[in-house]
Amino acid sequence: MGSSGNDGNFEFGIYTLGDLAVDPRTGGLKNAGERMKEIIRSAKVADEAGIDVFGVGEHHRLDFALSSPPVVLAAIAQATSRIRLTSATTVLGTADPVRVFEDFATLDLISDGRAEIIAGRGAYIESFPLFGFELDDYKELFAEKLELMRQLNLSERVTWSGRLRSPLEDAEIAPRPAQPAIPLWVGVGSTAESAALAGRQGAGMALALLGGEPTKYKHLVDSYKEAGIAAGYREEELRVAITGHCYVAKTTEQALDEFYAGYSVYYSQFMGGKENGTPLSREDFEKLAGALAIGSPELIAEKIIAQHKLFGHSRFMAQMDIGGMPAAQVESSIRLLAKEVAPLVREALQVKV
């Protein structure tokens with residue numbers, strides 16, 4: 001279930017969480033409707049530029065515009081023709097796997113077989129009280145529902161029982177997707193437990209690199225592959241994607257200049273930042289940027305190639321539109337990723353386009 005149908009290729013993706021941050025340049029705040037239109041337009045640009053995957057995240061807060069990935073992705077499907085469409089991520093612990101599968105199977109039919117799912121436990125916990133789940137069941141909910149999701153993907157009739165959801169007895173799961181199965185990935189942050197769970201289920205692993213030396217994440221990829229092989233999957237079935245903040249400009253200096261203001265606000269508002277909410281200083285930003293994919297096409301390509309030596313990943317997914325970044329700059333960065341970074345990486349890795 002980890003395959004996207006593009007085996008042998010190195011894929012590039014864009015994803016957004018649809019944050020509604022105050023633009024540090026203007027003090028303005030986009031409303032959710034404006035943000036949604038901006039996201040659909042970015043997906044269209046990515047599709048036309050040759051990006052392989054576009055993802056939208058799920059949050060249930062007033063400072064994010066996206067709470068229903070399959071609805072937004074269905075709209076994007078109508079504005080695009082070839083790009084694959086994924087959640088980034090679906091908070092599976094507080095969702096009904098049957099409903100999630102049916103929504104994404106419907107998306108798959110609408111998009112002629114372009115749907116994927118990245119399922120995650122969720123870095124934010126607002127969905128637990130919202131949908132009536134207990135935080136004490138955080139880990140077990142995700143593990144149980146991921147196993148059910150795997151079974152839903154395999155068969156049009158499912159018999160299943162667990163502790164935290166009502167059982168299914170020869171239940172019809174409809175509609176079936178256009179693809180034989182919807183590619184399923186697990187979003188992993190920093191826990192080997194989640195990585196191993198992804199491996200045991202034979203799902204792809206989407207690993208978030210949001211700072212620090214890449215080597216500190218290597219044990220997560222090792223845990224994932226070891227668990228997957230122990231569960232009977234072949235190593236080539238166990239796909240790794242690297243996800244994280246990214247911004248590409250013609251020069252590294254330009255990239256740092258353009259991305260700093262938005263990243264500073266996003267860091268303070270959504271990543272914990274400083275306790276008093278003070279925006280990140282330029283000096284601290286440049287220290288953090290060394291571990292992120294921010295720079296010229298040549299520098300970004302070098303970083304991806306170096307990470308590939310560590311992780312053996314086959315997909316890189318970039319989050320660019322953070323902290324009120326102007327849409328024109330985001331779209332320029334998307335085009336540079338597709339037209340200049342991707343060819344450099346694929347040539348170095350000697351993979352097909």
Side-chain angles (χ1 to χ4, degrees), residues 12-51 53-57 59 61-66 72-73 75-76 79-80 83 88 210-211 243-271 273 277-286 288-289 292-300 316-342:
F12 286 83
I14 301 295
Y15 72 99
T16 177
L17 303 183
D19 65 276
L20 294 170
V22 175
D23 186 336
R25 306 158 193 81
T26 65
L29 180 66
K30 295 186 181 79
N31 65 43
E34 290 173 322
R35 194 74 170 91
M36 210 72 74
K37 291 179 177 65
E38 190 176 271
I39 288 165
I40 293 170
R41 189 169 62 246
S42 290
K44 191 171 186 293
V45 168
D47 183 56
E48 291 169 351
I51 293 290
V53 192
F54 194 90
V56 300
H59 290 88
R61 297 168 35 159
L62 289 171
D63 50 5
F64 288 94
L66 300 171
V72 179
L73 292 170
I76 290 172
T80 59
I83 198 166
L210 298 177
T243 76
H245 299 144
C246 172
Y247 188 74
V248 195
K250 284 294 184 181
T251 68
T252 296
E253 183 180 4
Q254 180 187 351
L256 292 169
D257 287 344
E258 293 179 354
F259 202 56
Y260 164 61
Y263 186 88
S264 174
V265 169
Y266 189 87
Y267 183 85
S268 296
Q269 187 172 343
F270 300 107
M271 296 176 66
T278 303
L280 194 68
S281 71
R282 176 65 184 248
E283 182 182 4
D284 287 343
F285 164 68
E286 293 199 7
L288 289 170
L292 301 173
I294 301 169
S296 67
E298 294 78 13
L299 180 61
I300 303 302
F316 172 78
M317 291 193 67
Q319 183 186 5
M320 296 177 173
D321 65 336
I322 64 175
M325 283 292 296
Q329 290 182 358
V330 173
E331 291 169 11
S332 174
S333 181
I334 290 170
R335 292 188 181 97
L336 285 171
L337 183 69
K339 300 298 186 182
E340 298 194 22
V341 178

Partners meeting side-chain hydrogen bond (donor to acceptor under 3.5 Å, both in side chains) with Thr243 (sequence neighbours left out):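 Once residues adjacent in sequence are excluded, Thr243 has no partner under the side-chain hydrogen bond (donor to acceptor under 3.5 Å, both in side chains) criterion.
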All side-chain hydrogen bond (donor to acceptor under 3.5 Å, both in side chains) counterparts of Glu258, not counting sequence neighbours: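 Applying side-chain hydrogen bond (donor to acceptor under 3.5 Å, both in side chains) to Glu258 gives Tyr247, Gln254.
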Could [X] and [Y] be called an ion pair, given the rule that one side-chain N must be under 4.0 Å from one carboxylate O?
X: Glu38; Y: Arg35; result: yes
X: Asp257; Y: Arg282; result: yes
X: Glu331; Y: Arg41; result: yes

Phe316 vs Cys246, side chain to side chain contact (heavy atoms under 4.5 Å, CB included): CA-CA, chis, key distance, verdict: CA-CA 10 Å; Phe316 172 78; Cys246 172; 4.2 Å; yes
Short side-chain to backbone donor-acceptor contact, [X] and [Y], under 3.5 Å:
X: Ser264; Y: Leu280; value: yes
X: Asp19; Y: Gly323; value: yes
X: Thr80; Y: Ile83; value: no
X: Ser333; Y: Val248; value: yes

Within-4.5 Å side-chain heavy-atom neighbours: Arg335 and Val45: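 With C-beta onward as the side chain, the pair touches.
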Derivation and outcome, ring-ring contact (aromatic ring centres under 6.0 Å, His included), residues Tyr266 and His245: CA-CA 11 Å; Tyr266 189 87; His245 299 144; 5.5 Å; yes
Minimum heavy-atom separation for [X] and [Y], please, with both atom names.
X: Leu66; Y: Gly57; result: CB-O, 3.3 Å
X: Ile300; Y: Gly295; result: CD1-N, 3.5 Å
X: Gly324; Y: Ala21; result: N-CB, 4.3 Å

Side chain to side chain contact (heavy atoms under 4.5 Å, CB included) between Leu20 and Phe64, intermediate numbers included: CA-CA 5 Å; Leu20 294 170; Phe64 288 94; 5.8 Å; no
Check: Tyr267 ring centroid to Phe285 ring centroid under 6.0 Å: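 No, the ring of Tyr267 stays outside the 6.0 Å limit from the ring of Phe285, centre to centre.
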Salt bridge (charged side-chain N to carboxylate O under 4.0 Å, His left out) assessment of Glu340 paired with Lys250: CA-CA 10 Å; Glu340 298 194 22; Lys250 284 294 184 181; 2.7 Å; yes
Stepwise side chain to side chain contact (heavy atoms under 4.5 Å, CB included) check, Ile334 with Ile51: CA-CA 8 Å; Ile334 290 170; Ile51 293 290; 4.0 Å; yes
Working for side chain to side chain contact (heavy atoms under 4.5 Å, CB included), residues Ile76 and Lys44: CA-CA 8 Å; Ile76 290 172; Lys44 191 171 186 293; over 6 Å; no
Partners meeting ring pair (Phe, Tyr, Trp, His ring centres under 6.0 Å) with Tyr15 (sequence neighbours left out):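 For Tyr15 there are no ring pair (Phe, Tyr, Trp, His ring centres under 6.0 Å) partners, ignoring immediate neighbours.
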From [atom1] ([X]) to [atom2] ([Y]), nearest 0.5 Å:
X: Phe12; Y: Met317; atom1: CZ; atom2: CE; answer: 12.0 Å
X: Leu210; Y: Leu292; atom1: CG; atom2: CG; answer: 7.5 Å
X: Met320; Y: Leu336; atom1: CE; atom2: CG; answer: 8.5 Å

Whether over 12 other heavy atoms sit under 6.0 Å from Glu253 CD: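 Atom CD in Glu253 is not packed in, count stays at 12 or less.
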Option passing side chain to side chain contact (heavy atoms under 4.5 Å, CB included) with Ile39 (candidates Ile14, Thr16, Leu17):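 Single pass found, and it is Thr16.
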